[in-house]
There are 2 protein chains.
Amino acid sequence: MVAVKTVGRLSIYRRILNRLLSEGAKNVFSHQLAVMAGVTPAQVRRDIMSIGYSGNPNRGYGVADLIESIGSSLDDPEGQKAALVGVGNLGRAILTYFSGRRPKLAIVAAFDNDHKKFDRVIQGCRCYALDRLEEIVQELGIDIGIITVPSGEAQKVSNALVRAGIKGILNYAPVRIQVPRNIYIEDIDMTMTLEKVAYFARKK
Amino acid sequence: MVAVKTVGRLSIYRRILNRLLSEGAKNVFSHQLAVMAGVTPAQVRRDIMSIGYSGNPNRGYGVADLIESIGSSLDDPEGQKAALVGVGNLGRAILTYFSGRRPKLAIVAAFDNDHKKFDRVIQGCRCYALDRLEEIVQELGIDIGIITVPSGEAQKVSNALVRAGIKGILNYAPVRIQVPRNIYIEDIDMTMTLEKVAYFARKK
DNA sequence: TTCACGCTGTGAATTATTTCACGATATAAA
DNA sequence: TTTATATCGTGAAATAATTCACAGCGTGAA
């Protein structure tokens, strides 16, 4: 089991590596990856070590091999499916963002209360009525939920997702959601982050 | 100078406290805040200690006083202004989100390349042509930039923001941006976070 | 073949962050 | 007034994360 922060950085390295690959790069050194990822070379080496991949002291890391190796650590070989709940501006932005980007990880269903959105297909992802959440999640074998509803509804939506059997939640609503201990939850708190930037813009 | 992580949590506590205040609460205990913020009671006490506020062993913390105290640590008394660059779905979501929420921190200008958006007012925030960025940022005294443009343009936009004199950047584009050392930058990487959730949904 | 170089892999050291644990204390009740 | 109780504040301990620093190695050049 890889540490939380390491998983995050591996995901970033992989994105960089994919770009490098498309630019024709064969190998890359830890110090190059480090600059592109905004971390130290030692950190890069340690992260890569933690997934058991080894570079070559003279060539660095093999771009294609390392992508492969990160994939076999991070990805489910069967692929994983996510559902997005709340098709507002933010929800649509996320759908656009992800649309067909990672083969092993796709948002396959969206849910909303607004009947004008039902059955519309947004970025290749069909929109369903919120009260069909459990049914559809189970039918499609979805195991990740993305919450982009207003704060007031987030806990209710989360409960429904958990009942439906979801294992991980990405929560954009600015409230802490209570979930059973076996569910992994990650919050993206945009207001908090902006306030952090504001503080350090002044103090740094 | 308060630690980065502490600033983030203080911002979260404040949001919770504001809700409690509006519900009429006068006092709150560290263990209550802890549950609502998803941290330990000891952490809450330490964070609050770090801004020099003291509670009462019998009543806990005064809700209104603590809000006040967090404000005087985090906020600029004069207020701070932010500019958003890139008025797509994500940009609009952010504008909607922040619109008039914090008096000491407002997004006062948006920028885009698309001339159809020029001079439109979105959530009380006027949209300008991207090439007027430096001019407007300086005119309005903006010191925070929010980047919501595609990856390929992020570095260019960042350079313009830095030239215009901005001190902090909140970057939503999935690339690491290079900035001078005196600029504070925080990344929100939505893809990375989803991949993290996917990983731990499987492994946890 | 041998050498010199610059990189990787990693134990150890360091730094950052969180939690423990307990004395001090404010209040409500007796 | 005294006592019982539950909380705060915080030094110290524990844990987590990062960086240092260098032995060892693969490769290109001589």
Side-chain angles (χ1 to χ4, degrees), chain A residues 1-13 17 20 25-63 65-66 69-70 73 176 181 184 186-187 192 196 199-200 203-204, chain B residues 1-13 17 20 25-63 65-66 69-70 73 176 181 184 186-187 192 196 199-200 203-204:
Chain A
M1 171 92 94
V2 186
V4 178
K5 296 212 171 172
T6 301
V7 172
R9 285 189 301 260
L10 287 168
S11 157
I12 289 170
Y13 302 153
L17 291 163
L20 292 175
K26 292 276 177 292
N27 296 281
V28 66
F29 293 122
S30 63
H31 65 265
Q32 300 175 307
L33 265 181
V35 170
M36 293 182 276
V39 300
T40 63
Q43 181 97 82
V44 170
R45 295 201 299 274
R46 209 163 272 285
D47 289 336
I48 290 174
M49 188 182 103
S50 78
I51 57 168
Y53 182 77
S54 274
N56 171 310
N58 216 253
R59 304 229 182 93
Y61 301 100
V63 173
D65 289 357
L66 182 50
S69 186
I70 292 175
S73 284
R176 280 310 151 119
R181 216 181 308 279
Y184 182 82
E186 185 90 25
D187 297 289
M192 181 267 266
K196 232 158 64 173
Y199 178 83
F200 289 102
K203 296 282 177 162
K204 192 174 168 184
Chain B
M1 171 92 95
V2 185
V4 178
K5 295 211 172 172
T6 302
V7 171
R9 285 189 301 261
L10 287 169
S11 158
I12 289 170
Y13 302 154
L17 291 163
L20 291 175
K26 292 276 178 289
N27 296 281
V28 65
F29 294 123
S30 63
H31 65 265
Q32 300 174 307
L33 264 181
V35 170
M36 292 182 276
V39 299
T40 62
Q43 180 97 83
V44 170
R45 295 202 298 276
R46 205 120 337 253
D47 289 336
I48 291 175
M49 188 183 102
S50 78
I51 56 167
Y53 182 76
S54 275
N56 170 310
N58 216 253
R59 302 230 182 92
Y61 300 100
V63 173
D65 288 357
L66 183 49
S69 185
I70 292 175
S73 284
R176 281 310 151 118
R181 216 182 310 278
Y184 182 83
E186 185 90 24
D187 297 288
M192 181 267 264
K196 232 158 67 173
Y199 178 83
F200 288 103
K203 296 283 176 158
K204 193 174 168 183

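Per chain, numbering begins at 1; letters A, B, ... match sequence-line order.
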request  = Sort and list the pairs that fulfil ring pair (Phe, Tyr, Trp, His ring centres under 6.0 Å) and have at least one residue in residues 25-51 of chain B, not counting sequence neighbours.
outcome  =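 For residues 25-51 of chain B, and leaving out neighbouring residues, the ring pair (Phe, Tyr, Trp, His ring centres under 6.0 Å) pairs sorted by first residue read B:F29-B:H31.
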List, with names and distances, any nitrogen or oxygen atoms from the protein found under 3.5 Å away from nitrogen or oxygen atoms belonging to nucleotides 17-21 of chain C.
unit_1, atom_1, unit_2, atom_2, d
C:dT18, OP1, B:R9, NH1, 3.1
C:dT18, OP2, B:R9, NH1, 3.1
C:dT18, OP2, B:R9, NH2, 3.0
C:dT18, OP2, B:Q43, NE2, 3.4
C:dT19, OP2, B:T40, OG1, 2.8
C:dT19, O4, B:R46, NE, 2.9
C:dT19, O4, B:R46, NH2, 3.2
C:dA21, N6, B:R45, NH2, 3.1

message = Below 4.0 Å from chain B heavy atoms, what is the first contacting nucleotide of DNA chain D and what is the last?
response =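 First-to-last contact on DNA chain D, by the 4.0 Å heavy-atom rule, is D:dT7 to D:dA12.
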With B:R176 via salt bridge (charged side-chain N to carboxylate O under 4.0 Å, His left out) - residues at least two apart =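 Per chain and number, B:R176 pairs via salt bridge (charged side-chain N to carboxylate O under 4.0 Å, His left out) with B:D187.
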ask   = Roughly, in whole Å, what's the span from NE2 in A:H31 to C1' in C:dG6?
value =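 Atom-to-atom, A:H31 to C:dG6, this comes out as 9 Å.
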task = Quickly work out the B:Y61 OH to C:dT27 C1' distance and round it to whole Å.
result =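 Rounded to the whole Å, the gap is 17 Å.
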key: Residues from residues 48-57 of chain A lying under 4.0 Å of DNA chain D - heavy atoms   =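 Residues of residues 48-57 of chain A under 4.0 Å from DNA chain D: A:N56, A:P57.
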By side chain to side chain contact (heavy atoms under 4.5 Å, CB included) - contacts of [X] (at least two apart):
| X | value |
| --- | --- |
| A:Y53 | A:I48, A:I51, A:Y61, A:D65, A:L66, A:S69 |
| B:N58 | B:N56 |
| B:S50 | B:V2, B:T6 |
| B:A42 | B:T40, B:R45 |

Return the set of residues passing side chain to side chain donor-acceptor pair (under 3.5 Å) with [X] (not counting sequence neighbours), or none when no residue passes.
| X | answer |
| --- | --- |
| B:Y184 | B:E186 |
| B:Y13 | B:D47 |
| A:S11 | B:E195 |

message = Pair A:V63, A:K26 - check side chain to side chain contact (heavy atoms under 4.5 Å, CB included), show working.
response = CA-CA 5 Å; A:V63 173; A:K26 292 276 177 292; 5.9 Å; no
request  = Nearest-nucleotide wise, let me know which of B:N58 and A:N58 is further upstream toward the 5' end of DNA chain D.
outcome  =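 On the 5' side of the pair lies B:N58.
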